[in-house]
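Okay, structure first, notes after.
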Amino acid sequence: MLKEDCLFCKIIKGEIPSAKVYEDDKMLVFKDIEPKANVHLLAVPKDHFKLLSEMDGGRAELLAHMLEKIPQIAAENGCGNGFRLVINQGADAGQTVFHLHIHVLGGQELGW
Ligand code: AMP
Ligand code: ZN
């Protein structure tokens, strides 16, 4: 289920443009608009849910699907030497878009 007022749901519906690099029936991967590394992708499930902590059985399968696909997508987009995945959960982590997403960072040596 998509949510009316959610930025990433709007991107999934095509109402807001994005630089898509991968799409299947369960997920969309697009370039972050303010990249924090040479390569910065966002992997977003097509189902709307806010937080990692809302993950239940069915959603865990969805997350597993995403994690299975990401290495190849990352490699095809300039992260052949490695990448880092980040999920921000909630305010203290700086989560700003409340539709679960996995940051894929790479294309360079990453410091902490
Ligand atoms: P987070 O802080 O984990 O919620 O990450 C949200 C990310 O979404 C940030 O890295 C933003 O730069 C990114 N972002 C916000 N709006 C857009 C957009 N329209 N297209 C692509 N990325 C976006
Ligand atoms: Zn959403």
Side-chain angles (χ1 to χ4, degrees):
M1 276 285 283
L2 295 173
K3 194 165 172 286
E4 283 293 310
D5 59 350
C6 168
L7 175 66
F8 288 172
C9 284
K10 287 182 181 169
I11 286 178
I12 290 162
K13 283 186 277 187
E15 290 174 9
I16 291 178
S18 68
K20 282 183 208 174
V21 301
Y22 177 84
E23 181 169 17
D24 63 27
D25 57 327
K26 298 185 181 72
M27 74 185 286
L28 181 66
V29 184
F30 52 93
K31 293 183 182 172
D32 195 292
I33 205 166
E34 280 182 50
K36 317 295 186 296
N38 286 345
V39 178
H40 188 172
L41 307 175
L42 297 173
V44 174
K46 284 193 171 174
D47 228 359
H48 174 89
F49 54 102
K50 282 189 296 196
L51 298 162
L52 183 65
S53 55
E54 292 178 5
M55 191 65 58
D56 56 18
R59 287 162 173 171
E61 266 180 42
L62 181 56
L63 195 62
H65 172 79
M66 294 173 74
L67 292 174
E68 200 181 321
K69 292 285 177 190
I70 282 171
Q72 192 184 340
I73 298 164
E76 286 168 0
N77 284 277
C79 298
N81 287 330
F83 58 87
R84 180 175 297 155
L85 303 184
V86 173
I87 297 176
N88 291 324
Q89 154 96 18
D92 272 8
Q95 186 176 5
T96 57
V97 179
F98 285 83
H99 177 132
L100 180 82
H101 50 282
I102 303 174
H103 295 260
V104 181
L105 298 153
Q108 63 179 82
E109 251 184 62
L110 297 167
W112 282 101

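Atoms within a ligand are numbered from 1 in the order they appear, just like the ligands themselves.
- Listed by number with element, the atoms of ligand 1 under 4.0 Å from a non-hydrogen atom of Lys31 are 21 (C).
- Against a heavy-atom cut-off of under 4.0 Å, Asn88 is close to the following atoms of ligand 1: 1 (P), 2 (O), 3 (O).
- Side chains of Ile11 and Phe30 form a contact here, defined as non-hydrogen atoms less than 4.5 Å apart.
- What sits closest to atom 16 (N) of ligand 1 on the protein, heavy atoms only, is Leu7 CD2, 3.4 Å.
- Nearest to atom 12 (O) of ligand 1 among the protein's heavy atoms is Asp32 OD1, 2.6 Å.
- Residues Phe83 and Asn77 fail the side-chain proximity criterion, which asks for heavy atoms closer than 4.5 Å.
- Side-chain contact between Lys13 and Glu4: present, with at least one pair of heavy atoms (C-beta onward) separated by less than 4.5 Å.
- Within the structure, the closest approach of Phe30 to ligand 1 falls below 4.0 Å when heavy atoms are considered.
- In terms of N/O distances under 3.5 Å, ligand 1 is not approached by Gln95.
- Looking at Met55 and Leu100, their side chains come closer than 4.5 Å, going by heavy atoms from C-beta outward.
- Atoms of ligand 1 lying under 4.0 Å from at least one heavy atom of Phe8, given by number and element, are 8 (O).
- Atom CD1 of Ile102 and atom CD1 of Ile70 lie 4.0 Å apart (nearest 0.5 Å).
- For atom 4 (O) of ligand 1, the closest non-hydrogen atom on the protein side is Thr96 N, 2.7 Å.
- Applying the 4.0 Å criterion to heavy atoms of His101 picks out, from ligand 1, the atoms 1 (P), 3 (O), 4 (O), 5 (O), 6 (C).
- Atom numbering of ligand 1 starts at 1 in the shown order; those under 4.0 Å from a heavy atom of Val97 are 4 (O), 6 (C).
- Within ligand 1, counting atoms from 1 as listed, the ones closer than 4.0 Å to a heavy atom of Lys36 are 10 (O), 12 (O).
- Within ligand 1, counting atoms from 1 as listed, the ones closer than 4.0 Å to a heavy atom of Gly94 are 2 (O).
- We find the CG-OG distance between Leu28 and Ser18 to be 5.5 Å, quoted to the nearest 0.5 Å.
- Cluster membership check: Val44 does not share its hydrophobic cluster with Ile73, using side-chain heavy-atom separations under 4.5 Å among Ile, Leu, Val, Met, Phe, Trp and Tyr.
- Between His48 atom ND1 and Cys6 atom SG, the angle centred on the Zn ion (ligand 2) amounts to 110° (nearest 10°).
- Remark: side-chain polar atoms of His101 are paired, donor with acceptor, to backbone N or O of His99 under 3.5 angstrom.
- Rounded to 10°, the angle formed at the Zn ion (ligand 2) by His99 ND1 and Cys9 SG is 110°.
- Looking at Ile16, Ile33, Leu42, Leu41, it is Ile33 that brings a heavy atom closest to atom 17 (C) of ligand 1.
- Atoms of ligand 1 found under 4.0 Å from any heavy atom of Glu34 (numbered from 1 in listed order, with element): 12 (O).
- Under the 4.5 Å side-chain heavy-atom criterion for grouping Ile, Leu, Val, Met, Phe, Trp and Tyr, Val86 is not connected to Leu52 through any hydrophobic cluster.
- Rounded to the nearest 0.5 angstrom, Leu42 CG and His103 NE2 are separated by 5.5 Å.
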